[in-house]
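For reference, the structure discussed in these notes is given below.
We name chains A, B, ... by the order of the sequence lines, and we start the count at 1 in each one. All heavy atoms count here, side chains included; hydrogens, waters and symmetry mates do not.
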Amino acid sequence: MKMARGTGMLITYALGSCIGICLYDPAIKLGAMVHIMLPLNMEAGRKNTMKYADTGIRETLKQMTAKGAAHSRITAKIAGGAKMFDMGESAMGNIGQRNIESVKSVLRMEKIRILREDVGGTVARTLLFDVSNGAGCIRSYGRPDLII
Amino acid sequence: MSIKNYDQLSSLELDTLREIGSIGSGNAATALSQMLGKEVRITLPEVRIMGYNEAIDWIGGPEEITAGVLVKMRGQMGGILLAVQQLDFANLVLKCILDKTVQDYSQLIELDSSALVEVGNIMISTFISALSGLADMQIELTVPAFAVDMQGAILAVPMAEYGGQSDYIMTIGSNFVCEDKETPCRLLLSPDVRSLDFLLRKLGVSSGE
């Protein structure tokens, strides 16, 4: 998880089935980006909270409010959740989809609005987030850059 | 005591895995050599247990575009085998089989991709058949899947699959040397932890019992 205030660019590279979540409080220009890999933190006492959608988003929100963000002002932009390899019926291909569902349901429970999203599909994404204006940009292979 | 995590492996166990990597890669190199009609040698195989970021740096940056052939193992051993075919390797294969080269992956036509998948699949299958013969295990392989994209995302596939068990990825692999040129085709074997344990016990090197 990375956080910046006022100015700065947050970047997370090569999101495949992982999801990048940009959380932003526009009033104080505080932005955070968390890169999650799996939908749910199933194990107790796991130190790596940022790897999972549920604990990662909640921990990031906590750290943002500790830095002065108002929970009610925070909005989200998300990208990722692709299916890199088409493996037929295998559970592996579904990790991206499960991540998308988990991220959305956690954000819904936390009452965070998703402003823009670019999820699913089969392409990897690099996500850039400009903290000064809350604009996101997605870089992919074989696809023009997408502003979110 | 059975291992629960990759970082619990003893040096004897790591040596055994390196030997598996050596035998598997050697067989894969032979298969490649027969397909290309050229001499292929392998560099010293490595067993590495890496965090995700370290693995990405090792293979050359997250946004680098690469081709990957992925096969899943089932049966007595579960895991993922990934052949990472960087552009030099892809061109070596295309040159020998189809007598052409490409500037970048976007120029690949269906026939080219198909050749790459097949070469990847044969190398992976040879690797696994050597492993299954050595350990006397029944291993089934799925149909290969192919993707061309950022290698960070391709490498994240085995990470995400086993991310719930461990924060590390284990790779066994080596580079291939063809016509005095070292070509980075990496075969990465990422077994799940339970299967790894079973494999080491089968080979009689598990630290416990």
Side-chain angles (χ1 to χ4, degrees), chain A residues 2 11-20 35-44 46-56 79-100 102 121-128 138-143 145, chain B residues 4-5 51-53 55-57 59-74 78-84 104-108 117 120 140-169 190 192:
Chain A
K2 286 167 276 187
I11 305 180
T12 188
Y13 293 103
L15 295 157
S17 59
C18 303
I19 296 189
H35 177 152
I36 62 101
M37 183 171 260
L38 292 166
L40 287 171
N41 194 343
M42 309 272 254
E43 279 169 64
R46 198 158 252 286
K47 40 196 186 321
N48 206 349
T49 50
M50 291 301 174
K51 210 165 81 176
Y52 302 90
D54 52 348
T55 51
K83 184 175 180 176
M84 297 307 298
F85 288 93
D86 193 358
M87 294 294 287
E89 85 297 350
S90 142
M92 178 163 53
N94 296 335
I95 287 182
Q97 192 55 41
R98 276 161 44 211
N99 279 337
I100 296 170
S102 176
T122 56
V123 292
R125 300 167 172 94
T126 284
L127 174 62
L128 299 93
I138 293 168
R139 213 152 61 198
S140 306
Y141 172 66
R143 217 176 64 157
D145 287 2
Chain B
K4 301 242 162 30
N5 213 325
Y52 174 74
N53 289 331
I56 293 297
D57 289 340
I59 212 154
E63 284 192 300
E64 198 67 34
I65 303 302
T66 191
V69 179
L70 181 138
V71 172
K72 234 184 143 179
M73 294 185 274
R74 282 191 296 223
I80 288 176
L81 256 155
L82 186 64
V84 179
D104 67 78
Y105 287 105
S106 62
Q107 296 172 348
L108 293 179
V117 176
E140 292 164 38
L141 298 176
T142 59
V143 176
F146 183 69
V148 173
D149 217 314
M150 297 180 192
Q151 58 189 11
I154 287 178
L155 264 197
V157 173
M159 266 314 264
E161 182 76 359
Y162 302 118
Q165 300 174 356
S166 168
D167 292 332
Y168 298 92
I169 184 170
S190 306
D192 74 51

Requested in this report: Apply the test side-chain contact (heavy atoms from CB on, under 4.5 Å) to residues A:F85 and B:V69: give CA-CA distance (whole Å), side-chain angles for both, the deciding distance (0.1 Å), then the verdict.
Outcome: CA-CA 9 Å; A:F85 288 93; B:V69 179; over 6 Å; no
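Proximity to chain A (any heavy atom under 4.5 Å) is shown, for B:Y105, by both the backbone and the side chain. The contact between A:R125 and chain B is made entirely by backbone atoms, counting heavy-atom distances below 4.5 Å. With a 4.5 angstrom heavy-atom cutoff, B:T142 touches chain A only via side-chain atoms.
Considering every non-hydrogen atom in both B:D149 and A:T122, the closest pair reads OD2-O, 3.8 Å. A pairwise comparison of heavy atoms in B:A156 and A:C18 identifies CB-SG, 4.5 Å as the closest pair. Considering every non-hydrogen atom in both A:M84 and B:A147, the closest pair reads O-CB, 3.3 Å. Across all non-hydrogen atoms, the minimal contact from B:A160 to A:L38 is O-CD2, 3.2 Å.
Listed for the A:Y13 side chain is no donor-acceptor partner under 3.5 Å among the backbone atoms of B:M150.
Ranked by heavy-atom pairs under 4.5 Å with chain B, the list A:A124, A:G16, A:S17 is led by A:A124.
Note: B:M159 CE to A:I95 CD1 = 11.5 Å, rounded to the nearest 0.5 Å.
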